[in-house]
Amino acid sequence: MSKKILILPGDGIGIEIVTEAVKVLEYLLKSEGLAIELEQGLIGGSAYEAHGAPLPAATLELAQQADAVLLGAVGGPQWEALDRPLRPEQGLLQIRAGLGLFANLRPAVLFPQLADASTLKPEVVAGLDIMIVRELTGGIYFGQPRGIHTDENGLKVGVNTLVYNEAEIERIARVAFTIASKRGKRVCSVDKANVLESSELWRQTVITASKSFADIALSHMYVDNAAMQLVKAPKQFDVMVTGNMFGDILSDAAAMLTGSIGMLPSASLDADGKGMYEPIHGSAPDIAGKGVANPLAAILSVAMMMRYSLDLPAVAKRIDAAVAAVLDNKLRTADIFSPGSKQVGTAEMGDAVLAALQNQ
Ligand code: IPM
Ligand code: MG
């Protein structure tokens, strides 16, 4: 039976960048003779417009049947006033939960060609290669109770719950240790164990899980210090593992070290390696439809898909090499532009990656 990839462009620039990623994907399937079918679905605001829900049942079903999902981005100002369950972001949270995608891998890698694009000094970021492993289906994003109610004094109260059980912590820790064992063999676990009980359990459980990974050096850092260290001396990190909300925040900070969030892909994996792949950046409504967004994060997300869900590391390398070649040729979208390079739009960048693949 041939494999299936579900394409979910979503909203805003998601639509433009996924078009480029699909161009690359279709070319690779053909040139590598891979029997993989592509299907399309709706998620986010566009799904709400068509079906009244940010994750229609039909989309979740397609995703459950697919071997991997490629997602663009969701959200836009026109949907911000909707009731929370109808907002585009809920579609993303629901598909993560619905597919059991508990392990979110967010690499922050600096392409040497883009050292100038970082706001940090080149010597601070040159050679940067961090993997943030973020827990994605638990913690304060999903904890109960939650909601807004009125207390006995008539004051409105907003409640969210930061909760982790040891099984959730252990499985994400094991993912981090396994990834570290294939690279720098160092894991820094980020928590707030000086204040939060859930972090105290996090730290104890990570330590226990580390016992079966003898070759990994485990360290611990409080999240406030981790944020500071990321901008002060980011190269000290190899793999970082952390909970859902800390990971959300730290991964945006780490992304910016590389010059542009427009360059970074991510993978969200279940226990069996099935995954959803998406750029870290959002739907960027301010530039949507203008053809200026950077499609490289979406294209690099296809590379991660090849690596983690389709077991095609050689194809992933082809994509990485094609992106490097395009950057060597000094093509840049607006977000990574620097004087002396050539500014191109979304489609031109996608075409350039395609041409680089054809020239390999
Ligand atoms: C991310 C995003 C999402 C998150 C939002 C859009 C729900 O910020 O993937 O990092 O907070 O997880
Ligand atoms: Mg985020």
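Order of appearance sets the numbers: ligands from 1, and atoms from 1 within every ligand.
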Checklist entry - Do Leu105 and Met304 have side chains that get closer than 4.5 Å, going by heavy atoms? => result yes

Derivation of the side chain to side chain donor-acceptor pair (under 3.5 Å) call for Glu49 and Trp79:
CA-CA 10 Å; Glu49 297 300 340; Trp79 302 296; 2.6 Å; yes

To the Mg ion (ligand 2), the closest N, O or S atom belonging to Asp248 is OD1

Here the ring-ring contact (aromatic ring centres under 6.0 Å, His included) pairs for residues 194-245, sequence neighbours left out, are Tyr164-Trp202, Phe177-Phe213

Q | Audit row: Thr333, Met263, side-chain contact (heavy atoms from CB on, under 4.5 Å) steps and yes/no | A | CA-CA 10 Å; Thr333 41; Met263 292 298 298; over 6 Å; no

| field | Pi-cation contact, Tyr27 with Arg318 (under 6.0 Å, within 45°) | value | no

- Task: May I ask you to check whether Asn104 and Ser268 show a side-chain donor-acceptor distance below 3.5 Å?
- Result: yes

Lining ligand 1 at under 4.0 Å, by non-hydrogen atom distance, are residues Glu89, Leu92, Arg96, Arg106, Arg134, Tyr141, Asp248

